[in-house]
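First up is the structure itself, then whatever we jot down about it.
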Amino acid sequence: MSQRKKIKALLESTETNVEITVKGWVRSFRNNQFIALNDGSTNNTLQVVVDFENTDAALLKRITTGAAISATGLLVESMGKGQRVELKAKEIEILGDCDPESYPLQLKNRPSLEFLREIAHLRFRTNTFGAIFRVRNSLSFAIHQFFQERGFVYLHTPIITASDAEGAGETFHVTNFDLANPPKTDTGEIDFSEDFFARPTNLTVSGQLEGELGAMALSDIYTFGPTFRAENSNTTRHLAEFWMIEPEMAFYDLNDNMDLAEALLKYVIKYALDKNADDLAFLSQRLAEEEKQKPQQDRSEMSLIEKLEFCLNNDFERLTYTEAINILKESTPNKKKKFQYLVEGWGTDLQSEHERYLVEKHFKKPVILTDYPKAIKAFYMRQNEPDANGNETVRAMDILFPGIGEIVGGSQREERLDRLEKRMDEMGIPKEELWWYLDTRRFGACPHAGFGLGFERLVLFVTGMGNIRDVIPFPRFPKNAEF
RNA sequence: UCCUGAAUAGCUCAGCCGGUUAGAGCAUCUGACUGUUAAUCAGAGGGUCGCUGGUUCGAGUCCAGCUUCAGGAGCCA
């Protein structure tokens, strides 16, 4: 029996008149004669030509959209237009039937993304989702390669933690209790001392604090794993379970941190452009067609590929929060009161519309905002000296991407024990619980920095998709944990 | 969680000012054709109009509540 070949390889090969075997799923069966076969190695299909006059009618009937088949025959130059090579089948075997009456995925119907979300177990079989998940795979691999090339250590931080580290974000509780009848203390409260971990625990909202511990010995580490937030967020940019990349680097300041983040983003985008040219061309085309439905002024000036290349070829705009506020104050939409939230004073957080104005209208490229007001940022960020106006800021940086908003959030960390403890007191962060974190500031503390990159937001940007639920295989969001 | 909108055939949608038997395209099935490329041609089957209640002689259509979905906002990555 001839060896099975992947369709991607066959379509790229120049060798013809050789006997090969392909296995895959039928995308369409035209004219009782032409099977468009896909095996997920590429979006393109191999045309398998069936000699229908000499094939059992019962077998022909079983070649239906979605059926898994094996085909063996000669790879020949195609007699028809539209493809270079095709497989002249000598033998067709049905590996798995697919009942056309009940199979929900009929591609000719142009199913909507919303419908495909309901059949997420089958949506991998569409061109769009095939492309998305191959790109997601490449980005994932490129992230590891980027850090590995630079000597970073991939550190596995815990999924179950006892600390709600940043105090930000609702957590999912982890317990082994019988929820109908948990042990109670004398005062009627739930007695966690009898639970599996003998204390309240939750799914991690960030691996950062543990990451810092690693960096204080290994110099440069990164995490890449799932993260959980139990917030009731219903947006196109949030998930209850998402993947995050969190590097942490000893002896880095904020500028080093920004340089690394920018280099990482450019590296992985370049990698996808090189490795997934076909998939991105398809997704670019898909986006262009979607944009045609929009009114002229809402359409993007650049195609997806152009946007990605633009990102590679331009430095991200770096400015401080204070500079951004001044630009926004003087901006046309602010003066004409077009913003829903007008920018008046210093100190409040930027709204989505403000970030969007800076990125999409003013600079028209990725923007890195630094030195945010201390009051609106986490306790562990390094405190700057107050400026001439007495404004207090921290060494934070957020990278804002067009259409996505915040894709990276990071900072130089506060390494000075006294400043850190004072800030924790002010913000009501329990120092006793984080004794291990504070130990790094007691024993050989050094300047260090890190950031978090939302992986799905990156995939969203690179694929040009509009909803984060479409770039993770099985999205978790409020009221939904199907599959 | 808040705001706005939506829910009609397997899918994508139409259904006007409330009116008698609920429409199209695609998909599916049957047949024809056989180098097709979203194949083509002819025919057929397919509906608890999201759920509950209300108004009315009469509700897919109007009203209320609920559910789910989408877009936007907040929180953020």
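Computation of the quantities below employed the complete heavy-atom set of this structure, encompassing side-chain atoms and omitting hydrogens, waters and symmetry-equivalent molecules. Throughout, protein chains are lettered first and strands after them, A, B, ... in sequence-line order, and every chain is numbered starting at 1.
Taking atom P on both nucleotides, B:C2 is separated from B:G54 by 27 Å, rounded to a whole Å. Atom P of B:A22 sits at a distance of 13 Å from the matching atom of B:U48, rounded to the whole Å. Spacing between B:G50 and B:G45 at atom P, rounded to whole Å, works out to 24 Å. Here the separation of B:C69 from B:U12, taken at their C1' atoms, is 16 Å to the nearest Å. Comparing the C1' positions of B:U61 and B:C75 gives an interatomic distance of 40 Å, to the nearest angstrom. The gap from the C1' atom of B:G10 to that of B:G46 amounts to 9 Å, rounded to the nearest Å. Here, B:U21 and B:C49 have their P atoms 14 Å apart, quoted to the whole Å. For the P atoms, the distance from B:C16 to B:G23 is 13 Å, rounded to whole Å.
The interatomic distance linking A:L350 (CG) with B:A73 (C1') rounds to 15 Å, in whole Å. B:A38 atom C1' lies 10 Å from atom CG of A:L107, rounded to whole Å. For the pair A:K108 NZ and B:A27 P, the interatomic distance rounds to 6 Å; values are reported in whole Å. One interatomic measurement links the two molecules: CZ of A:F29 to P of B:A38, which rounds to 17 Å at whole-angstrom precision. B:U34 atom C1' lies 8 Å from atom CZ of A:F34, rounded to whole Å. Following rounding to the nearest Å, A:N32 (CG) and B:U34 (P) show an atom-to-atom distance of 12 Å. Nucleotide B:C2 holds its P atom 10 Å from the CG atom of A:N234, rounded to whole Å. The separation between A:E231 atom CD and B:C75 atom P is 10 Å, rounded to whole Å.
Of the candidates B:C75, B:G35, B:A39, B:C75 carries the atom nearest the A:R237 side chain, counting heavy atoms from C-beta on. Side-chain proximity of A:T235 to B:C75, B:A70, B:G35: nearest is B:C75. Of the candidate nucleotides B:A70, B:A73, B:G72, B:G72 has the atom nearest to the side chain of A:T236. The nucleotide whose nearest atom lies closest to any side-chain atom of A:K479 is, among B:U68, B:A39, B:C76, B:U68. When distances are taken from the side chain of A:Q33 to each of B:G35, B:U36, B:U28, the shortest belongs to B:G35. Set against B:G35, B:U37, B:C75, the side chain of A:S233 has B:C75 as its closest nucleotide.
Crowding of A:K365 atom NZ: a count of heavy atoms from other residues, nucleotides or ligands under 6.0 Å exceeding 12. The local environment of NE2 in A:H144 is crowded, with over 12 non-hydrogen atoms from other residues, nucleotides or ligands closer than 6.0 Å.
Within residues 395-407 of chain A, the residues approaching RNA chain B are A:E406, A:I407, by heavy-atom distance under 4.0 Å. For the contact set between residues 43-61 of chain A and RNA chain B, defined by any heavy atom under 4.0 Å, the members are A:Q47, A:F52, A:K61.
For the residue pair A:S206 / A:E246, a side-chain donor-acceptor distance below 3.5 Å is found, with atom types taken as modelled. Under 3.5 Å, the side chains of A:Q83 and A:S78 contain a donor-acceptor pair of N or O atoms. Donor-acceptor pairing under 3.5 Å is recorded for the side chains of A:R27 and A:N127. Using a 3.5 Å distance cut-off with no hydrogens or angles, the side chains of A:Y380 and A:E212 do not pair a donor with an acceptor.
Taking for each of A:W243 and A:Q340 the nucleotide of RNA chain B with the nearest heavy atom, the 5'-most of the two is the partner of A:Q340.
Salt bridge present: A:R423 and A:E426 bring a charged side-chain N and a carboxylate O closer than 4.0 Å. Between A:D56 and A:R62, no side-chain nitrogen of the basic residue sits less than 4.0 Å from a carboxylate oxygen of the acidic one, so the salt-bridge criterion is not met. Ionic pairing of A:K23 and A:E93 is not present here: no N-O contact between side-chain nitrogen and carboxylate oxygen is shorter than 4.0 angstrom. A:D470 and A:R123 are joined by a salt bridge, as a carboxylate oxygen and a charged side-chain nitrogen come within less than 4.0 angstrom of each other.
Sorted by first and then second residue, the side chain to side chain donor-acceptor pair (under 3.5 Å) pairs involving residues 340-352 of chain A (not counting sequence neighbours) are A:T322-A:W346.
Residue-level contact check: A:E86 touches the bases, meaning some heavy atom is under 4.0 Å from a base atom. Residue contacts shown for A:L239 include a base, since a base heavy atom lies under 4.0 Å away. Across all strands, A:R27 comes closer than 4.0 Å to no nucleic acid atom at all (heavy-atom distances).
For A:K266, the side chain to side chain contact (heavy atoms under 4.5 Å, CB included) test picks out A:E262, A:L312, A:D315, A:F316, with sequence neighbours left out.
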Practice problem: Heavy atoms under 4.0 Å is the rule here; annotate nucleotides 3-14 of chain B 5' to 3' with B where the base is hit, S where only the sugar-phosphate is, and - elsewhere. | Solution: -------BBS--
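The distance between the ring centers of A:F29 and A:F34 does not fall below 6.0 angstrom.
The two atoms that bring A:Q383 and A:E414 nearest to each other are N-OE1, 3.0 Å, heavy atoms only.
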Exercise. Take A:V343 and A:K329 through the side chain to side chain contact (heavy atoms under 4.5 Å, CB included) test and state the conclusion after the steps.
Key: CA-CA 6 Å; A:V343 179; A:K329 266 192 207 161; 4.0 Å; yes
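Base pairing in RNA chain B gives the following stems of 3 or more Watson-Crick or G-U pairs, range against range and under 3.5 Å: B:1-7 with B:67-73, B:10-13 with B:23-26, B:28-32 with B:40-44, B:50-54 with B:62-66.
Its glycosidic angle being more than 90° from 0, B:C13 falls on the anti side.
None of A:F129, A:W25, A:F133 except one satisfies the ring pair (Phe, Tyr, Trp, His ring centres under 6.0 Å) rule with A:F124; the exception is A:F133.
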